[in-house]
Amino acid sequence: MKILDHLEEWLITFLMGAATLIVFVAVLHRYTAGYPIPGLQDWLLSINMTWAQELTIIMFVWMAKFGAAYGVRTGIHVGVDVFINRLGKSARGKFIIIGMGAGALFTGIVAVMGATFVWDNGAHYAFFKLAGMNVEELIEGPTTPDLEWPTWIVYSAIPLGSGLMCFRFLQVLVGFIRTGDLPHHDHGHVDGLEETPEEDAAQNTLFYSMQDNLHPDEDRPGADDKKPGERK
């Protein structure tokens with residue numbers, strides 16, 4: 001399971017970083033090519049970067065689909081759970097199980113429908129041709145405008161991402177039934193930075209020593225011990 005977790009994280013990181021780099025290079029190329037620099041302008045204009053926008057859109061779609069599955073695993077999805085948290089332990093557990101089951105059912109249906117669409121959109125032609133089977137009566141499928149990639153490869157993000165998301169819902173559901181705990185993401189925590197008790201105490205000292213409107217004096221330790229009329 002750890003291998004799948006790492007592959008998921010590496011894929012998301014690669015897609016995000018590569019898409020950002022491609023956008024940066026494309027924008028830099030576009031503006032630099034507008035300067036009439038002898039030799040450089042002709043060389044830049046000879047470079048075709050029209051595929052950059054299409055590729056980054058595809059990469060962001062894939063990143064979003066697999067990022068959604070990552071969100072289920074780590075508990076970073078936004079949810080309105082005020083009502084559920086006010087219920088008793090037994091009722092709350094039932095609602096959580098129903099919610100996780102509904103999420104798994106929905107994403108499973110999307111994955112199956114997406115796989116059917118991808119198969120009919122040209123994947124069956126590609127796999128049958130690769131296997132050396134007769135493809136005369138099969139549809140090759142369309143391609144993307146700029147990259148001229150088979151669109152079934154692009155649309156594969158739907159069944160793959162939704163299928164992984166369905167698996168993550170089931171994984172969280174099984175974990176909740178066994179332990180009663182749900183994945184929780186601390187937005188104030190940064191991976192790789194572990195604060196020691198001394199550092200935590202130093203942060204508290206800095207917080208309480210700030211003289212501004214964001215940190216009221218009455219919230220500081222010992223504020224109530226000051227004499228009446230004394231400036232806080």
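Heavy atoms only: backbone and side chains are in, while hydrogens, waters and symmetry mates are out.
- A donor-acceptor pair under 3.5 Å is absent between the side-chain atoms of E148 and the main chain of T143, judged by distance alone.
- Summarising the geometry of W51 relative to D146, their closest heavy-atom pair is CA-CB, 4.0 Å, with the distance given to 0.1 Å.
- Side chain of T32 to main chain of H29: no donor-acceptor pair is present (N/O by atom type, distance under 3.5 Å, no hydrogens or angles).
- Judged purely by atom type and a 3.5 angstrom limit, T107 uses its side chain to pair as donor or acceptor with the backbone of A104.
- Applying the side-chain hydrogen bond (donor to acceptor under 3.5 Å, both in side chains) criterion to S90, with sequence neighbours excluded, gives no partner residue.
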L160 vs L164, side chain to side chain contact (heavy atoms under 4.5 Å, CB included): CA-CA, chis, key distance, verdict: CA-CA 6 Å; L160 294 177; L164 181 59; over 6 Å; no
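- With sequence neighbours excluded, the residues that form a side-chain hydrogen bond (donor to acceptor under 3.5 Å, both in side chains) with E9 are R73.
- Hydrophobic clustering, defined by side-chain heavy atoms of Ile, Leu, Val, Met, Phe, Trp and Tyr closer than 4.5 Å, groups V23 together with V27, Y31.
- A distance of 12.0 Å separates OG1 of T116 from NE2 of H124, quoted to the nearest 0.5 Å.
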Is there a side chain to side chain contact (heavy atoms under 4.5 Å, CB included) between F169 and L105 once you walk through the steps? CA-CA 9 Å; F169 271 118; L105 177 62; over 6 Å; no
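- Closest non-hydrogen pair, N48 versus T50, comes out as OD1-OG1, 2.8 Å.
- L130 belongs to no hydrophobic cluster, as no Ile, Leu, Val, Met, Phe, Trp or Tyr side chain comes under 4.5 Å of its own.
- Residues that satisfy the side chain to side chain contact (heavy atoms under 4.5 Å, CB included) test with A52, not counting sequence neighbours, are I22, A26, M49.
- Applying the salt bridge (Lys or Arg N to Asp or Glu O under 4.0 Å) test to pairs two or more places apart or on separate chains, none has a residue in residues 96-110.
- In terms of heavy atoms, A19 sits closest to F60 at CB-CE1, 3.7 Å.
- G122 approaches W152 most closely through the heavy-atom pair C-CD1, 3.7 Å.
- A distance of 6.5 Å separates CD1 in I97 from CG in L173, rounded to the nearest 0.5 Å.
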Stepwise side chain to side chain contact (heavy atoms under 4.5 Å, CB included) check, L40 with W43: CA-CA 5 Å; L40 178 61; W43 176 70; 3.9 Å; yes
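- For E140, the side-chain hydrogen bond (donor to acceptor under 3.5 Å, both in side chains) test picks out no residue, with sequence neighbours left out.
- For A91 against L87, the heavy-atom pair with the smallest separation is CB-CB, 4.2 Å.
- The shortest heavy-atom contact between G161 and A69 is O-CB, 4.4 Å.
- Within a 6.0 Å radius of CD1 in I47, other residues, nucleotides and ligands contribute more than 12 heavy atoms.
- Remark: I96 engages I84, R92, M100, F176, L182 in a side chain to side chain contact (heavy atoms under 4.5 Å, CB included) (not counting sequence neighbours).
- Relative ring orientation between F95 and F83 is described as perpendicular, the plane-to-plane angle rising above 60° on a 0-90° scale split at 30° and 60°.
- F106 belongs to a hydrophobic cluster whose other members, connected by ILVMFWY side-chain contacts under 4.5 Å either directly or through intermediates, are V110, I158.
- The salt bridge (charged side-chain N to carboxylate O under 4.0 Å, His left out) test applied to E54 returns no partner, not counting sequence neighbours.
- Qualifying side-chain hydrogen bond (donor to acceptor under 3.5 Å, both in side chains) partners for D42, counting only residues two or more places apart in sequence or in other chains: none.
- Judged as a salt bridge (Lys or Arg N to Asp or Glu O under 4.0 Å), the pairs with a partner in residues 164-177 (not counting sequence neighbours) are, in order, D5-R168, E8-R168.
- No more than 12 heavy atoms of other residues, nucleotides or ligands shown are found within 6.0 angstrom of CD1 on I139.
- For the pair T144 (side chain) and W149 (backbone), a donor-acceptor distance under 3.5 Å is present.
- For the pair W62 (side chain) and I12 (backbone), a donor-acceptor distance under 3.5 Å is absent.
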